[in-house]
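Below: the structure, in structure tokens.
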Amino acid sequence: MNYGARHVAIIMDGNGRWAAARGEPRVVGHRAGLEALRRVVRAAPSLGLEYLSVYAFSTENWKRPPEEVDALMNLLVEYLRSQIDELDREHVKMLFIGDSTALPELCQEEMERAVRRTSQNTGLKLAIAMNYGGRDEIVRAVRRVLAAGLDPAALDEGSFASHLDTADLPDPDLVIRASGEMRLSNFMLWQTAYAEIYVTPQYWPDFDGAVLQQALEVFAQRERRFGGLG
Ligand code: FPP
């Protein structure tokens, strides 16, 4: 099935509330969130997606208790170690966006290994946002532009975008946010200029291919005008 969305970006919110509703610690919610990610990655290609971006750890998430930060870093490593064979078999190409230099060494190593191993794959492009913030990304892109010594008059939207972390990704057609909040929370600020937004009340750990399909059905009904008259 194809709903006309090449790139879907997901804000995976509500892990903590999902856990609290079960009287469990927040980390249990994050672990269940990892399972949801597996389900959605598996479903994405059959729904016509070429790119899937997920917000796993924001530049603001460092403010959480150290145990929770550690747990999220460990979950990334666990995800990459346990899933890389299946991801590779499914032809998924792994990418990361965000400032990886501040992440623990072990995370960086596993990320680099996953990128290297899947670099020739031609299936779904999966971009995991780790230590990602839209404003931080724009500031880092400006630094790259300045370091490249670009003539200010030569800078345009296209050349600027080629310095963003998402240089190899088209802009998302659809942003999905789980668990009801109606905010972008610093996710892909530049790239979402014309994205459709879909907010679902489900907590992220309850998300699956069926919810993704619902979101895409709604997306397919929307009229996108990109600022014109359509
Ligand atoms: C938001 O829920 C979720 C996060 C901050 C982390 C997202 C992480 C995962 C889905 C699993 C880990 C995946 C990888 C690849 C590391 P929240 O904790 O803000 O929930 P709340 O708003 O209900 O408290």
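Along the sequence shown, the residues carry numbers beginning at 1. Since this is a predicted model, take the numbers as computed values, not measurements. First listed ligand is number 1; within each ligand, the first listed atom is number 1.
Remark: the backbone N or O of V211 is paired with a side-chain donor or acceptor of D208 at under 3.5 angstrom.
Near A56, meaning under 4.0 Å from one of its heavy atoms, ligand 1 places the atoms 6 (C), 7 (C), 8 (C), 14 (C). Within the listing of ligand 1, atoms 10 (C) sit less than 4.0 angstrom from a heavy atom of W204. Within the listing of ligand 1, atoms 6 (C), 8 (C), 16 (C) sit less than 4.0 angstrom from a heavy atom of L72.
Closest approach of L174 to A215, counting heavy atoms only: CD2-O, 4.1 Å.
From the protein, the heavy atom lying nearest to atom 1 (C) of ligand 1 is M12 O, 3.2 Å. The nearest heavy-atom contact from the protein to atom 20 (O) of ligand 1 is G16 N, 3.0 Å. Considering only non-hydrogen protein atoms, atom 12 (C) of ligand 1 sits nearest to L34 CD1, 3.9 Å. Nearest non-hydrogen protein atom to atom 11 (C) of ligand 1 is H30 O, 3.5 Å.
Taking the ring-ring contact (aromatic ring centres under 6.0 Å, His included) definition, one finds that Y198 meets it with nothing, sequence neighbours left out.
Ring-plane geometry between F187 and Y132 is classed as perpendicular, the angle between the planes exceeding 60 degrees on a 0 to 90 degree scale with a lower cut at 30. Ring geometry for F57 against W62 counts as perpendicular: the plane angle is over 60°, on a 0 to 90° scale with 30° as the lower cut.
For the 3.5 Å distance criterion, the side chains of R17 and S179 qualify, holding a donor opposite an acceptor. The closest side-chain donor-acceptor pair between T118 and N121, if any, does not fall under 3.5 angstrom. In the model, Q191 has a side-chain atom that pairs as donor or acceptor with a side-chain atom of T166 under 3.5 Å.
Across the listed options L76, L80, L75, V77, L76 owns the non-hydrogen atom lying nearest to atom 15 (C) of ligand 1.
In terms of polar-atom proximity, defined here as any N/O pair under 3.5 Å, N15 does make such a contact with ligand 1. Ligand 1 has a nitrogen or oxygen under 3.5 angstrom from a nitrogen or oxygen of R26. Checking only distances, I128 never comes within under 3.5 Å of ligand 1, N or O to N or O. Considering backbone and side-chain atoms alike, R17 places an N or O below 3.5 Å from some N or O of ligand 1. Checked against a 3.5 angstrom limit, the closest N/O atoms of N61 and ligand 1 fall outside it.
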Less than 3.5 Å apart, which donor and acceptor atoms pair up between the side chains of residues 29-41 and the rest of the protein, not counting sequence neighbours?
| residue | atom | partner | partner atom | Å |
| --- | --- | --- | --- | --- |
| H30 | ND1 | N15 | ND2 | 2.9 |
| H30 | NE2 | E68 | OE2 | 2.7 |
| R31 | NH1 | E78 | OE1 | 3.4 |
| R31 | NH1 | E78 | OE2 | 2.8 |
| R31 | NH2 | E78 | OE1 | 3.0 |
| E35 | OE1 | R38 | NH1 | 3.4 |
| E35 | OE2 | R38 | NH1 | 2.4 |
| R38 | NH2 | S82 | OG | 3.0 |
| R39 | NE | F207 | O | 3.1 |
| R39 | NH2 | P205 | O | 2.9 |
| R39 | NH2 | F207 | O | 2.8 |

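Contacts between F57 and ligand 1, counted as non-hydrogen atom pairs separated by less than 4.0 Å, are absent for every part of the residue.
Residue-ligand proximity: R64 is placed with a non-hydrogen atom under 4.0 Å from ligand 1.
Checked against the 6.0 Å centroid threshold, F226 and Y194 count as a close aromatic pair.
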